[in-house]
There are 2 protein chains.
Amino acid sequence: MQITLKDIARMAGVAESTVSRALNDKPGVGQETKAKILKLAQKYNYRPNQLARGLAVNKTNMIAVILAEMDSPGNIEIVKNIEKAAEEVDYQIILCNTNNDLKKEKSYLSLLEANQVDGAIFIGGKLVSSQLLRLSFEEKNPMVLVNRLAEENFFTSVLTNYSQGIYKAVEHLFEQGFRKIALICGDKDNLTESEKINGYYQAYTEAGFSVNEDLIFSTGADRTSGYNAFLEIMNRDIIPDAFISTRELTTIGLVEAIKFGGYFIPDDFAVVGYGDNILTSVIDPPLTVLNEPAAELAKLSFDFLLKLIKDKLEGQQIKVLTPELIVRESSIAKYN
Amino acid sequence: MQITLKDIARMAGVAESTVSRALNDKPGVGQETKAKILKLAQKYNYRPNQLARGLAVNKTNMIAVILAEMDSPGNIEIVKNIEKAAEEVDYQIILCNTNNDLKKEKSYLSLLEANQVDGAIFIGGKLVSSQLLRLSFEEKNPMVLVNRLAEENFFTSVLTNYSQGIYKAVEHLFEQGFRKIALICGDKDNLTESEKINGYYQAYTEAGFSVNEDLIFSTGADRTSGYNAFLEIMNRDIIPDAFISTRELTTIGLVEAIKFGGYFIPDDFAVVGYGDNILTSVIDPPLTVLNEPAAELAKLSFDFLLKLIKDKLEGQQIKVLTPELIVRESSIAKYN
DNA sequence: GCAATTTACGCAAGCGCTTGCGAAAACTCA
DNA sequence: TGAGTTTTCGCAAGCGCTTGCGTAAATTGC
């Protein structure tokens, strides 16, 4: 049996309330009584039952981090940094993986409704906002969205400006002399993905070029999709001189396919990938990538959430961060 | 304000106990009453407060996963799989990163003592068991250790047989004709690491060779350590013809250093790395690696924990898994 | 149609903690 | 020294849920 507040109170010969106050550094308890209580608590290794405490004060010091996919190193990076931020203010994070499954997302959402967590951070995913709406607005549950676009976005969010990222990438490739840039992205109806396509169009348009739609390839987000994308694109009428892959795993698949096809990067094809992970920097040649500022995304989102929890956030906040273009060899034209 | 049991009870015109029983599918409540209650709960989107519930039944359906380091892809892989297993039986996992900090580990341990979680899984780390002893034994807190060796191990654990892994690797390299195999591992006083060294010795001995200690290099677990290890080893008297790197990140650093030095794998040096992540399979040449069965480690440890929680585990259980040797080009002798 | 079961439900205590309020004790200060 | 102030502490309710026990109602069997 665990030792409880009551036990300490009995042993100290005081009321439970006094013990509670002493332990929580609240005023209204004398020096000696406090000392005695603390000593006892120490001696018996007393740990307040957080459930009881949470129930009483309606606060758990836990937040849910709800991931759309755990396979993305970038997402993991964000989680790591949230954990770090949380730890500093003594918050625990509970990790949820929805696997892009709407049902699971909803079910995890009930952590919030069930008062098990003080707030939640959603990372990625494509649930339309209306699903979450009811809860957030009617029940005022603290939550913030990371890298998730919603049609009607009244959520506090911190986003990566994919559009601008792709824009940068295209611009860079233009500078290197590439003109036929294939874009490997996700499904067009996905807001995040259409953003990317926008950036692509914008870059082409502003440079005075026109877009060949055959160069835009929508596919899944996994490795195989990236691999197959290359094969398919090579079957089209127009052969690209460069690739932009907009997801982490597709980038890997793409590179594999190119190499397996006996082509060389950047000699045959320039490549701009996504995500600065162990792979992209070590692979041969080192990959130029767009990289989202995971640490910053994490920090900002956690800060927002904390403020929401403490009721200190005025109105909806949206912060948009620009991914960084890390230029390495894979996108440098040979004779430039 | 959240809607509560009491609210439902009032609206249904029954006692709280009845509502509770109805919602939890317990016997003792009539068909119609039950239906009425369920409908109301549905209508008002009632979610039982898990804190209150937990307090009442002394169970939270949450477990802590306490990671020594979040930078290891292998560890992340284990976490992912634990999450998966947990999700299936409706358990939540709360993620803790100790960063190999003993203080933090202790503090996270108090999640157990504070009844916030039903159990904990420790992944990696080098805390000597005596630190945890008191809690586990005196308080009978369910916990299982993954990949953590302890001097006096009375904990239920699931371990990777590093010794045998290294043995396999050396054996394989022998078969390929390599004889001067450098071993890059961690500090010798670390149990896990000395295991590896044992495997190395054993392989050499059984093959009838003697070990040159200059080929054993103890260093940190990060990328830079791997990088520098190569440089240092090249400065020693004996130049190896092969490398075994026993941690994920050092493997990457090692490969970088070799390539940066202008050497070729496996022509100049054969390499056996650790961890089958995106990198090792895509890099050029594809890396031969030792890989721990993350999914299995996860599944087993979670199952053990679940049984411990349900008081269904008889005695201490220890399961030892052997890492798989995935042979790729990096360790294949050119003219073999 | 009546005793004996069985079923359906309410009562109330309890999980371990917090907190507002009131009272007793300990201080002021003239 | 005594009225007023401050400090220290206990009482008890409450957080939202579960559960053992008791009883009234419905059901059974003969």
Side-chain angles (χ1 to χ4, degrees), chain A residues 1-38 40-41 44-62 110-118 139 141, chain B residues 1-38 40-41 44-62 110-118 139 141:
Chain A
M1 212 55 264
Q2 281 282 58
I3 180 160
T4 104
L5 231 208
K6 195 193 286 183
D7 298 327
I8 302 284
R10 190 168 7 83
M11 295 190 291
V14 300
E16 295 181 39
S17 48
T18 306
V19 178
S20 171
R21 281 188 269 259
L23 259 25
N24 292 322
D25 256 334
K26 299 220 169 148
V29 28
Q31 285 296 316
E32 325 167 21
T33 6
K34 186 163 181 174
K36 177 166 48 167
I37 290 171
L38 291 184
L40 278 169
Y44 292 100
N45 190 31
Y46 167 72
R47 302 264 172 246
N49 181 322
Q50 291 302 130
L51 290 180
R53 183 167 219 280
L55 182 58
V57 302
N58 201 31
K59 179 129 176 18
T60 62
N61 265 37
M62 297 208 256
S110 76
L111 285 173
L112 264 176
E113 309 169 35
N115 275 40
Q116 246 177 306
V117 297
D118 297 341
E139 313 199 358
N141 278 323
Chain B
M1 213 55 262
Q2 281 281 58
I3 181 159
T4 107
L5 232 208
K6 194 193 286 184
D7 299 327
I8 302 283
R10 191 170 6 84
M11 295 190 290
V14 300
E16 294 180 40
S17 48
T18 305
V19 178
S20 171
R21 281 188 269 258
L23 259 27
N24 292 322
D25 256 333
K26 300 222 167 145
V29 27
Q31 285 295 315
E32 323 166 23
T33 5
K34 186 163 181 174
K36 179 166 47 166
I37 290 172
L38 291 184
L40 278 168
Y44 291 99
N45 189 34
Y46 166 74
R47 301 265 172 248
N49 180 322
Q50 291 303 131
L51 289 180
R53 184 166 219 279
L55 182 59
V57 302
N58 201 31
K59 181 132 175 14
T60 63
N61 266 39
M62 297 208 256
S110 76
L111 285 173
L112 265 176
E113 309 170 34
N115 275 40
Q116 247 177 306
V117 296
D118 297 339
E139 313 198 358
N141 278 322

How close or far is atom P of D:dC17 from atom CD of B:Gln50, stated in whole angstroms? 9 Å
Heavy atoms of A:Thr60 and A:Gln116 approach each other most closely as OG1-O, 3.2 Å
Please give, in whole Å, the distance from D:dC15 P to A:Gln116 CD? 20 Å
Using atom CG of B:Asn58 as one end and atom C1' of D:dT18 as the other, report the distance to the nearest whole Å. 12 Å
Taking all atoms of both residues into account, what is the closest heavy-atom pair of B:Tyr44 and B:Ile3, and its distance? CB-CD1, 3.3 Å
Return no unless some side-chain N or O of B:Ser17 is found under 4.0 Å from OP1 or OP2 of C:dA12. no
Side-chain N or O of B:Asn115 less than 4.0 angstrom from OP1 or OP2 on C:dG16? no
Which nucleotide sits closest to the side chain of B:Lys26: C:dG10, C:dC15, D:dT19? D:dT19
With side chains defined as the heavy atoms from C-beta onward, is the minimum distance between B:Leu112 and B:Asp118 less than 4.5 Å? no
Taking for each residue the nucleotide of DNA chain C with the nearest heavy atom, is it B:Val19 or B:Leu55 whose nucleotide lies nearer the 5' end? B:Val19
Which of these nucleotides, D:dC17, D:dC9, C:dT18, is closest to any side-chain atom of B:Ala52? D:dC17
Whole-Å distance, B:Lys59 NZ to C:dG14 C1', equals 20 Å
How is A:Gly28 classified with respect to the nucleic acid when contacts are heavy atoms under 4.0 Å: base, sugar-phosphate, or nothing? base
Short side-chain N/O contact from B:Asn49 to OP1 or OP2 of D:dC15, under 4.0 Å: no
Nearest whole angstrom, please: distance from the C1' of D:dA13 to the CD of A:Glu16. 12 Å
Distance in angstrom units between A:Arg53 CZ and C:dC17 C1', rounded: 8 Å
Expressed in angstrom and rounded to an integer, what is the separation of B:Arg21 atom CZ from D:dT19 atom P? 9 Å
Which whole-number value in Å describes the distance from A:Leu51 CG to D:dC15 C1'? 12 Å
Tell me if the NZ atom of B:Lys59 is crowded by more than 12 foreign heavy atoms within 6.0 Å. yes
It should be established whether B:Ser20 places a side-chain nitrogen or oxygen under 4.0 Å from OP1 or OP2 of nucleotide D:dT19. no
Within the structure provided, determine whether B:Arg53 and B:Asn24 are in side-chain contact (heavy-atom separation under 4.5 Å). yes
According to a strict under-4.0 Å criterion, is A:Thr4 in side-chain N/O contact with OP1 or OP2 of C:dC17? yes
